[in-house]
Colleague: 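Got a structure here, written out as structure tokens. Questions coming.
Counting convention: from 1, in listed order, for ligands and their atoms alike. Values below: every heavy atom of this structure, side chains too, minus hydrogens, waters and symmetry copies.
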Amino acid sequence: MKPFKKWFGSKTEGAEIAAQLSSDNVPNHVAVIMDGNGRWAQKRGLPRVAGHHSGMKNVKKITMAANDIGVQVLTMYAFSTENWKRPKEEVEYLMKLPLEFFPKEIEELIANNVQIRMTGWKESLPDYTLKAIQDAIDQTKHNTGLILNFALNYGSRKEMLSGIQQLVRDAKDQKINPEDIDDAMFSKYLLTDPLPDPDLLIRTSGELRISNFMLWQLAYSELYFTELCWPEFTEAHFYEAVKEYQRRARRYGGL
Ligand code: V07
């Protein structure tokens, strides 16, 4: 069994749990619904946006934790197509988070060979948000390590319907045969192409729903729910989730 990159000497919280993980069954793709930021803030008498800010800082921490055990893709659900319905001030604040995230974090992300990607509709984002994201994607596109994929302005039903519309156009243009449509072909029409499907979905803050997130891609994923709000979810909790994933995989393998 080959040791993880930072098994020894790591001072990160959770190193002990990380040491209990098996290095040959690390989930390739972990997706996270980072819920409970507003709730976390309200519990502390802080404005909701303080929770979003705290949540943003946690993205970097969990990215490094995932990178340390060899996760290849980490998708973070940052903003849904439904989130536009929130109060205008909150939406404006959220749209500025990518601008704040990158100047602060890009250096360490690059040093750790992380590639930034985005899944979602870029067109309706404010110019400054899109520019911040695009700069980060461009600056990290030659990196070969963990893919940090932000699901931003993303919704799964809309994704599938747009995919089907294109599929039907291609069929009408005789580029494809309806009989040839299978899982692999349909996946190519989704925004997540060419990423692999998530092996593990983590949702924080106690809600037991998928909420229009990667409905097709999560068909066979292990689902992990925790009561903790996203800003409280540490490296140790992340490794607990991976440990549970490995426990389930072993049980399944034993059948
Ligand atoms: C957002 C912080 C995390 C908790 C969930 C909601 C609030 C990081 C980003 C981000 C997105 C793209 C990018 C770089 C950073 C972000 C939004 C919200 C809209 F390229 N956190 N975070 N974007 N939250």
Colleague: Suppose we measure from atom 9 (C) of ligand 1 to each protein heavy atom; which comes out shortest, and what is that distance?
Modeller: Phe150 CE2, 3.7 Å

Colleague: Sequence neighbours left out, what pairs pass salt bridge (charged side-chain N to carboxylate O under 4.0 Å, His left out) with at least one residue falling in residues 28-42?
Modeller: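 Applying salt bridge (charged side-chain N to carboxylate O under 4.0 Å, His left out) to every pair that reaches into residues 28-42, excluding sequence neighbours, yields Asp35-Arg203, Arg39-Glu207.
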
Colleague: Would you list the pairs meeting salt bridge (charged side-chain N to carboxylate O under 4.0 Å, His left out) in which at least one residue belongs to residues 147-171, sequence neighbours left out?
Modeller: Asp170-Lys175

Colleague: Donor-acceptor pair, His52 side chain versus Leu94 backbone, under 3.5 Å?
Modeller: no

Colleague: Which atoms of ligand 1 have any heavy atom of Leu152 under 4.0 Å away?
Modeller: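 Those qualifying, in numeric order: 11 (C), 12 (C).
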
Colleague: Show which atoms of ligand 1 fall inside a sub-4.0 Å distance from at least one heavy-atom site of Phe101.
Modeller: 14 (C), 15 (C)

Colleague: Counting C-beta onward and ignoring hydrogens, is there a side-chain heavy-atom pair between Phe101 and Ile106 closer than 4.5 Å?
Modeller: no

Colleague: Starting from atom 7 (C) of ligand 1, find the nearest protein heavy-atom neighbour and note its residue, name and distance.
Modeller: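 For this ligand atom, the closest protein heavy atom is Leu94 CD2, 3.5 Å.
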
Colleague: Which of these, Lys60, Glu105, Met34, Met56, has its nearest heavy atom closest to atom 2 (C) of ligand 1?
Modeller: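 Nearest option to atom 2 (C) of ligand 1, by heavy atoms: Met56.
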
Colleague: For atom 16 (C) of ligand 1, what's the nearest protein heavy-atom neighbour? Residue, atom name and distance, please.
Modeller: Ala78 CB, 3.8 Å

Colleague: Just to confirm my output: which protein heavy-atom neighbour is closest to atom 14 (C) of ligand 1, and how far is it?
Modeller: Phe102 CE1, 2.9 Å

Colleague: Return the residue, atom name and 0.1 Å-rounded distance of the protein heavy atom closest to atom 1 (C) of ligand 1.
Modeller: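 So the nearest neighbour among protein heavy atoms is Leu97 CD1, 3.5 Å.
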
Colleague: Determine yes or no for a side-chain-to-main-chain donor-acceptor pair under 3.5 angstrom, with Tyr77 supplying the side chain and Tyr154 the backbone.
Modeller: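 The answer is yes, because a donor-acceptor pair under 3.5 Å joins these two groups.
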
Colleague: Do the side chain of Trp40 and the main chain of Gly51 share a donor and acceptor less than 3.5 angstrom apart?
Modeller: no

Colleague: Looking at atom 5 (C) of ligand 1, what's its closest protein heavy atom, distance included?
Modeller: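 Answer, as residue, atom name and distance: Asn37 ND2, 3.5 Å.
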
Colleague: Just by modelled atom types, is the Trp121 backbone N or O under 3.5 Å from a matching donor or acceptor in the Asn153 side chain?
Modeller: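 Such a contact is found between Asn153 side chain and Trp121 backbone.
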
Colleague: Can you list the atoms of ligand 1 that are under 4.0 Å from a heavy atom of Gly55?
Modeller: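 Once the distances to Gly55 are compared, the set is 2 (C), 3 (C).
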
